[in-house]
Amino acid sequence: MILNSTAIIVARSSIASSRSTCHRLFSTKKPRPIFVAATKQHVGKTTTSLALMSGLQKRFAKVGFIKPVGQQHVTVYSPTLGEDIRVDKDICLLKEEFHLDHIDYQHMSPVIIPRGYTKRYIDGKICHDKQLKRIMASFAEVSRASDVVLAEGTGHCAVGSIVNVNNAHVASMLGASMLLIANGGLGSAFDELELNRALCEKHNVPIAGVVINKVIPEKYEQTKRYMSKAFQDQWGIPLLGCIPDRPFLGCPALADLERLFQSELVCGQTHRYRHYNVKDINLITTSLTRFLENIRSKSPRTLYICHITRDDIILGFMAEYQRNRREDERPFEAALLVCGRKEKYQMADEVRDMFEGLEGAPVMVVGYSTHQAMQLIHDYTPKLNIDDKNRVRKAVEHYEPYIDFDKLLERTSSGGGTES
């Protein structure tokens, strides 16, 4: 089936064309908070939140953001408190990317669930009421300072149930409308959404609508048509966004691989945010001659993997970079991942010294076998972060035009949404 790009372009333009009308209709009336939850991990919840924040800032002067319950956290400085505090990692991304200076970090991430938290809660060492009070107090501050509030949950609607702060419960406490996010597909996506819809129904949370992410472009029209009909006929809920997949957003950057392998580039650090398609990974098991033929004929942006004992390949990679720079044939965008278990292998000091000055040739040494490294990369899902500004920008540019903000704000206005 050939990609129907016309349909996708029409969908984007029709949604984007209504923005000025949307601003006039809704900027004078404060809508219910919008709570974003997904059906499972890695479906693009944070990416959708970025696009929502971008679109809402075009319609409201001050948009608030809160992640009531977080897990993976970072340390930041709170100007209001005058000290360092822990917040969910997504808070930093949204606050810094969209300059949310009207709200302080201390109110954006009231409850963090680190390792050991659940056991302490069950043992009675953490007070349930204090959790809820922190969430409500923080939300009150964010809401007071904002014209509309966007809240992001952690995972699917039931996450947090063991400590009695699951997403559906928290959304109900905040008086929010739920926006559910799922990956593309028909039957499986609908089934996953039904489980989350049922929990929203239990907690009397109105569902504003659904966004389907990562839709196979060739199946865009089919997915949009049948999902819209299924949601409306069975639940009375609209499809608010149908977003075709863009593989680049799932391609790891070298900085992602540094985090994955707990290592650092030994050279080429200026290219930490260069992305590589997992499909273009090339494990070198051939001779040096074949490797050089390969690097000159394949895509310039290829990630090569070799064993640490292959000094010939390592030196050949460096020599090819120097030759390419001298002859200026084409951009040199290849990177080399050198693998070998730490307890068994070490790179010779003489070889490591030769990396000096090779800023255009990224090389990373990792303490895993080549097989382990390839498996880890294939299983890895890179996450958006504030340092990778190019991917964040492209994610927002791709997602935002496909979201129907008119319908979303209509559904989240007072009395809007459907209590399932």
Side-chain angles (χ1 to χ4, degrees), residues 22-23 25-37 45-46 48-70 76 78-81 85-88 90-112 128-154 157 160 164-180 200 203-209 240 403 405 408-417 419:
C22 178
H23 178 77
L25 286 173
F26 294 102
S27 60
T28 58
K29 190 174 186 180
K30 192 167 186 174
R32 295 166 65 101
I34 301 166
F35 199 105
V36 182
K45 174 169 55 65
T46 299
T48 304
S49 292
L50 285 165
L52 289 168
M53 177 61 71
S54 178
L56 291 171
Q57 282 193 332
K58 294 179 175 69
R59 295 161 171 83
F60 297 91
K62 293 183 178 179
V63 182
F65 184 76
I66 184 172
K67 191 158 184 176
V69 181
V76 298
S78 167
T80 303
L81 296 176
I85 60 173
R86 294 185 305 176
V87 300
D88 186 271
D90 291 332
I91 293 296
C92 295
L93 173 60
L94 271 290
K95 182 171 172 58
E96 293 184 32
E97 176 66 19
F98 295 103
H99 308 290
L100 306 181
D101 301 327
H102 63 292
I103 45 181
D104 189 77
Y105 274 121
Q106 68 163 317
H107 303 306
M108 301 177 74
S109 187
V111 173
I112 296 290
H128 173 61
D129 288 343
K130 286 184 178 179
Q131 285 184 142
L132 301 186
K133 287 178 180 177
R134 282 202 301 271
I135 292 172
M136 294 306 297
S138 293
F139 173 73
E141 289 296 325
V142 173
S143 181
R144 180 188 58 77
S146 309
D147 301 315
V148 62
V149 177
L150 178 65
E152 183 180 323
T154 299
C157 285
N164 290 305
V165 284
N166 69 57
N167 289 315
H169 179 201
V170 173
S172 178
M173 288 169 45
L174 304 184
S177 293
M178 185 69 75
L179 180 64
L180 294 174
C200 289
H203 289 280
N204 297 312
V205 178
I207 299 177
L240 294 178
I403 298 173
F405 284 90
L408 171 63
L409 291 170
E410 177 187 319
R411 298 273 299 175
T412 55
S413 61
S414 298
E419 292 195 8

A.B. asks: Taking the side chain as every heavy atom from C-beta outward, state whether L409 and L56 have any pair of such atoms under 4.5 Å apart.
C.D. replies: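 A side-chain contact exists here, since the closest heavy-atom pair is under 4.5 Å.
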A.B. asks: Just jot down the side chain to side chain contact (heavy atoms under 4.5 Å, CB included) partners of A140, sequence neighbours excluded, or say none.
C.D. replies: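 Here no residue qualifies.
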A.B. asks: Would a 4.5 Å heavy-atom cut-off, applied to side chains only, mark V76 and C92 as touching?
C.D. replies: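 With C-beta onward as the side chain, the pair touches.
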A.B. asks: Any donor-acceptor pair under 3.5 Å linking the side-chain atoms of K58 with those of S54?
C.D. replies: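 Result is yes, a qualifying pair exists.
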A.B. asks: Is the shortest side-chain heavy-atom distance between Q57 and L100 below 4.5 Å?
C.D. replies: yes
A.B. asks: Any side-chain heavy atom of M108 within less than 4.5 Å of one from V87?
C.D. replies: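 They are not in contact (no side-chain heavy atoms under 4.5 Å apart), so the answer is no.
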A.B. asks: A side-chain contact here means heavy atoms from C-beta on lying under 4.5 Å apart; do V63 and F98 qualify?
C.D. replies: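 Side-chain contact under 4.5 Å: no.
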A.B. asks: To check you understand the geometry: which heavy-atom pair defines the closest contact between F405 and G55, and what is its length?
C.D. replies: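 Distance-wise, the nearest heavy atoms are CZ-CA, 3.5 Å.
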A.B. asks: What residues form a side chain to side chain contact (heavy atoms under 4.5 Å, CB included) with T80, not counting sequence neighbours?
C.D. replies: S78, D104, Q106
A.B. asks: Kindly say whether T154 contributes a backbone atom to a donor-acceptor pair with the side chain of K45 at under 3.5 angstrom?
C.D. replies: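 No; judged by distance alone, with no hydrogens or angles, the pair does not exist.
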A.B. asks: Are C200 and F35 close enough that some pair of their side-chain heavy atoms sits under 4.5 Å apart?
C.D. replies: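 With C-beta onward as the side chain, the pair stays apart.
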A.B. asks: Should S143 and P33 count as side-chain neighbours, where that means a heavy-atom distance under 4.5 Å?
C.D. replies: no
A.B. asks: Between CG of L180 and OG1 of T48, what distance do you get to the nearest 0.5 Å?
C.D. replies: 11.5 Å
